[in-house]
2 protein chains.
Amino acid sequence: MTLTELRYIVAVARERHFGRAAASCFVSQPTLSVAVKKLEDELGVTLFERSAGDVSLTSTGERVVEQAQRVLEEVQVVKQLAEQGKDPLAGPLRLGIIYTISPYLLPCLIPALREVAPQMQLLLEENYTGRLAEMLKQGEIDAAIVAEPFFEGGVSTMQLYDEPFVVATPKGHPWEALPAIDSSQLAEENVLLLSPGNCFRDHVLQTCPDLNRESLPAGSLQRTLQGSSLTTIRHMVAGGIGVTVLPVTSVTPADDALLTIKPFSGETPTRRVILAWRKNFPRTAAIEAVRTAVLNSGLAGVTFLH
Amino acid sequence: MTLTELRYIVAVARERHFGRAAASCFVSQPTLSVAVKKLEDELGVTLFERSAGDVSLTSTGERVVEQAQRVLEEVQVVKQLAEQGKDPLAGPLRLGIIYTISPYLLPCLIPALREVAPQMQLLLEENYTGRLAEMLKQGEIDAAIVAEPFFEGGVSTMQLYDEPFVVATPKGHPWEALPAIDSSQLAEENVLLLSPGNCFRDHVLQTCPDLNRESLPAGSLQRTLQGSSLTTIRHMVAGGIGVTVLPVTSVTPADDALLTIKPFSGETPTRRVILAWRKNFPRTAAIEAVRTAVLNSGLAGVTFLH
DNA sequence: GGCAAAAATCGATTATACCGAAAACCGCCA
DNA sequence: TGGCGGTTTTCGGTATAATCGATTTTTGCC
C-alpha cells in the first residue's frame with residue numbers, strides 16, 4: 001500500500017470516473033487503473049464496481065476510501081509540522097549559562113536577542129560548567145555560554161568575548177591608595193573564593209597560584225565559601241572579611257558605595273567567554289543569532305571577539 | 001513522502017540507532033539511511049541529530065515522528081477495514097423482493113439462508129419490479145428476487161423456480177364441482193386484479209387475454225383494486241365479490257376455510273422467479289448463497305430450476 | 001450488429017528502491 | 001597526533017516498480 005494508491009482511490013471515489021480521477025491526479029488513466037487494481041489485490045477486496053456508465057463504491061470501498069482520506073489528512077499534518085519546524089529560529093532554544101555570567105549578561109542579552117530573532121524563545125539553564133557540558137551532550141540543552149577552558153567531544157565552540165578581572169576591597173582598605181594591584185599581592189590578603197565547581201574559582205586560582213599553596217596563613221579566611229554567589233562574596237568583602245577578584249561585568253554602579261574596585265597591574269587576568277553547542281545541532285541559525293545578540297549586547301568592560 | 005519512509009523514521013526514533021532500525025525494518029542500513037535523508041530533504045527539516053554515540057531527535061523530529069506513527073496507525077485501520085470486508089458473505093446484502101413473492105418466500109428463505117451463510121445479514125426491500133430494477137441500477141440494492149420478464153442492462157440474472165398459478169373462488173361457487181378451470185373461463189367471472197405496477201397483474205392478464213378486452217360486462221367488479229395485496233384480494237374473493245388467480249405459494253392452509261383453490265386445466269400458467277444482481281456486484285458468493293438458500297427453502301408447489 | 005465511451009491490458013521506457021562495498025566521520029585512547 | 005571501533009554516508013550496479021502511449025476488451029445503447 002502506498003500513499004499514491006490511497007490518493008488514487010480517493011480521487012476515483014470523488015470523481016466516480018477513472019479517466020477524470022487520473023486527470024485530477026496528473027497521471028494517465030492506465031497508471032491509475034493499474035494502481036487501483038494493485039491496491040484492491042493487496043487488500044483482497046473490491047473497492048469499486050466498474051461499469052461503462054459509472055463507477056460506484058462497494059460498501060467496503062466506502063469505508064476504505066473514507067479511512068484513506070483520514071490517512072491523507074494525517075499525512076498533511078506531518079507536512080505542516082515539518083513546515084512549522086522549518087524556521088531554525090522558531091522553536092525554543094535551550095541555552096545554558098554558568099552562574100558567574102548569567103546574572104550580568106542576560107539583562108543585556110535578552111533585549112539584543114529580541115532584536116535579532118524576535119520569534120525565538122529562550123529556555124535558560126543556570127549551572128556549573130561541568131553540568132552544562134553534560135546536559136549539552138545529553139541533548140538536555142542546545143547551547144551554552146561558558147568560559148574557557150572548555151573541551152568536549154561532539155561540541156563546537158565559538159569565541160564571544162574576553163572579560164578582564166578586577167580586585168574588590170572593602171572601603172578604607174590600604175590598597176585604596178594604589179592605582180592598580182599586582183596579582184602577587186593577593187597572597188597577602190584573605191581572598192574570598194567561590195565554591196569548587198565554579199569555573200571562576202579556578203580562574204582566580206590560576207591568576208594567582210600562590211593562593212593555592214598548601215601552607216596558608218594560620219586562621220586565614222582565605223577559604224572557599226560553599227554555595228556562595230559573587231553577590232554574597234561582594235557583601236562579605238564590603239563587610240571587611242577580605243578581598244576578592246571579580247569578573248568586570250559583575251561590577252555594578254551600586255557597588256561604588258560598598259567596595260573599592262581596582263584593576264590589575266601588569267597583564268590583566270581575563271577569562272574568555274565562549275558559546276558552545278552540539279556539533280550536530282541543526283539550527284545553526286539559532287546559534288548565530290545568539291552570537292550576534294551577545295556582540296550587540298553592549299556588555300560593558302569586555303573585549304568582543306568577532 | 002512514502003509510508004516506507006515514515007516507517008523508517010519511526011523505527012529510528014524507537015531504536016535510536018540507524019543500524020538496529022534498519023534491521024528491524026528488514027532493510028540494509030544504507031537503504032534506511034538514504035530514505036531518512038530523502039524524507040528530511042523533502043520536509044526541509046532535520047529530524048535526527050546523528051553522532052557516533054547515539055541518535056537523538058530534534059524537537060521537530062519528535063513531533064513529526066509522533067505524527068508519522070499516527071499515520072501508520074490509520075493505515076492499519078485501512079487494512080483492518082479491508083480485512084473485515086474480505087468475506088463476501090460478511091457484509092449485509094441488500095435484497096429486493098417483489099410484493100407478491102416476499103411474504104410467502106421469506107419465511108422459508110430466511111432460515112435456509114441462515115443455514116448457508118449464518119454471518120450474512122439481509123436488508124430487505126419490498127417493492128414493484130420496476131422500482132427494484134431502478135434501485136438495482138442505482139446501487140440502492142445489491143440483488144432482487146423478481147419474476148420474468150426482467151431485462152435490464154448491466155444486470156445478470158439466474159433462474160430460481162417456476163411457480164404455477166391457481167384459481168381461487170368463494171366457497172359454494174359453481175366451479176367447485178369442476179376438477180380444474182380453463183383460463184378461458186375466467187372471462188365469464190369478475191376477476192379481481194392487483195393494481196397496475198404489480199407484475200403479477202400482468203402475468204394474470206397475459207394468462208387470460210380476454211380479461212384485457214375493452215368491453216367489460218356492465219357493472220363489472222373486474223377492475224383493479226388500487227393498493228390491494230394478494231391477501232386483501234383473497235378476503236374479497238372469500239366475501240363473494242368475484243374470483244381471482246393466485247401464485248401457488250401464496251396459498252396457505254388457512255385459506256381452506258374461506259376459499260376453494262382449483263388448478264388450471266390444460267397448460268398451467270406459471271411465472272418464472274429469478275434472482276437478479278448488478279453484473280459488477282463483486283460479492284458473487286453472496287449471490288450464490290441466496291440462490292442456494294432459495295433452492296433449499298422447501299417452498300411448496302414450485303419447480304426449482306437448478 | 002455497429003458505435004461510442006470507458007476501463008483493462010500490453011510493451012517499452014524511466015524512475016526508484018535496494019544492496020554490498022567502500023569511504024567518511026567521530027569519539028576515544030594511547 | 002595517529003590508529004581504532006563503531007556509525008553513518010556515499011557510490012555503482014541491479015532488480016523492481018511506476019508510468020506512459022497504444023491497443024484491446026467490455027458494455028451500454030441505438
Side-chain angles (χ1 to χ4, degrees), chain A residues 1-9 11-13 15-42 46-57 61 133-134 136-139 151-157 276-282, chain B residues 1-9 11-12 15-23 25-42 46-56 133-134 136-139 151-156 277-282:
Chain A
M1 191 187 321
T2 71
L3 290 174
T4 307
E5 285 163 4
L6 296 183
R7 270 186 276 272
Y8 289 169
I9 65 170
V12 173
E15 305 285 348
R16 308 218 155 231
H17 187 283
F18 276 63
R20 285 197 298 276
S24 84
C25 293
F26 305 105
V27 294
S28 71
Q29 174 267 320
T31 296
L32 179 131
S33 198
V34 167
V36 170
K37 190 173 217 22
K38 179 167 159 290
L39 182 59
E40 284 182 328
D41 287 349
E42 180 184 341
T46 306
L47 300 174
F48 300 103
E49 288 188 29
R50 292 104 157 133
S51 57
D54 68 340
V55 172
S56 65
L57 286 147
E134 212 173 294
L136 207 50
K137 295 188 83 169
Q138 297 298 318
F151 298 112
E152 282 296 329
V155 171
S156 298
T157 62
W277 66 95
R278 279 198 310 286
K279 197 169 286 182
N280 300 302
F281 184 63
Chain B
M1 192 187 319
T2 70
L3 291 174
T4 307
E5 284 163 4
L6 296 183
R7 270 187 276 272
Y8 289 170
I9 64 170
V12 173
E15 305 285 347
R16 306 216 157 235
H17 187 284
F18 275 63
R20 284 197 299 276
C25 293
F26 305 105
V27 293
S28 73
Q29 179 271 322
T31 296
L32 179 131
S33 195
V34 167
V36 170
K37 191 175 213 23
K38 179 168 158 289
L39 181 59
E40 284 182 328
D41 287 349
E42 180 183 341
T46 306
L47 300 174
F48 301 102
E49 288 187 31
R50 293 104 157 132
S51 56
D54 68 339
V55 172
S56 66
E134 211 173 297
L136 207 49
K137 295 188 81 170
Q138 298 298 318
F151 299 112
E152 281 296 328
V155 171
S156 298
W277 66 94
R278 278 197 311 287
K279 196 168 288 181
N280 300 303
F281 184 63

So [Y] and [X], do their side chains get closer than 4.5 Å, heavy atoms only?
X	Y	result
A:W277	A:V155	no
A:T2	A:R7	no
A:Y8	A:L39	no

Using atom [atom1] of [X] as one end and atom [atom2] of [N] as the other, report the distance to the nearest whole Å.
X	N	atom1	atom2	answer
A:E5	D:dA17	CD	P	11 Å
B:F18	C:dC25	CZ	P	16 Å
B:R16	D:dG6	CZ	C1'	19 Å
B:M1	C:dA17	CE	P	14 Å
A:L47	C:dA7	CG	C1'	16 Å
A:H17	D:dG28	NE2	C1'	14 Å

Do the side chain of [X] and the main chain of [Y] share a donor and acceptor less than 3.5 angstrom apart?
X	Y	value
B:R278	B:L136	yes
A:E40	A:L47	yes
A:Q29	A:A22	no

Phosphate contact (D:dA18 OP1 or OP2) by A:Y8 side-chain N/O below 4.0 Å
no
Quick one: CD on B:E15 to SG on B:C25, what's the gap to the nearest 0.5 Å?
8.0 Å
Just how far is it from atom OG1 of B:T4 to atom CE of A:M1, taken to the nearest 0.5 Å?
11.0 Å
Which nucleotides of nucleotides 19-24 of chain C have their base under 4.0 Å from a protein heavy atom (B), which only their sugar-phosphate (S), and which neither (-), written as one string 5' to 3'?
BBB---
Heavy-atom closest pair (B:V12 atom, B:F18 atom, distance to 0.1 Å) is CG1-CE1, 3.9 Å
B:V155 or B:R20: which one's nearest nucleotide on DNA chain D is closer to the 5' end?
B:R20
What residues in residues 35-42 of chain B put a non-hydrogen atom under 4.0 Å from any atom of DNA chain C?
B:K38
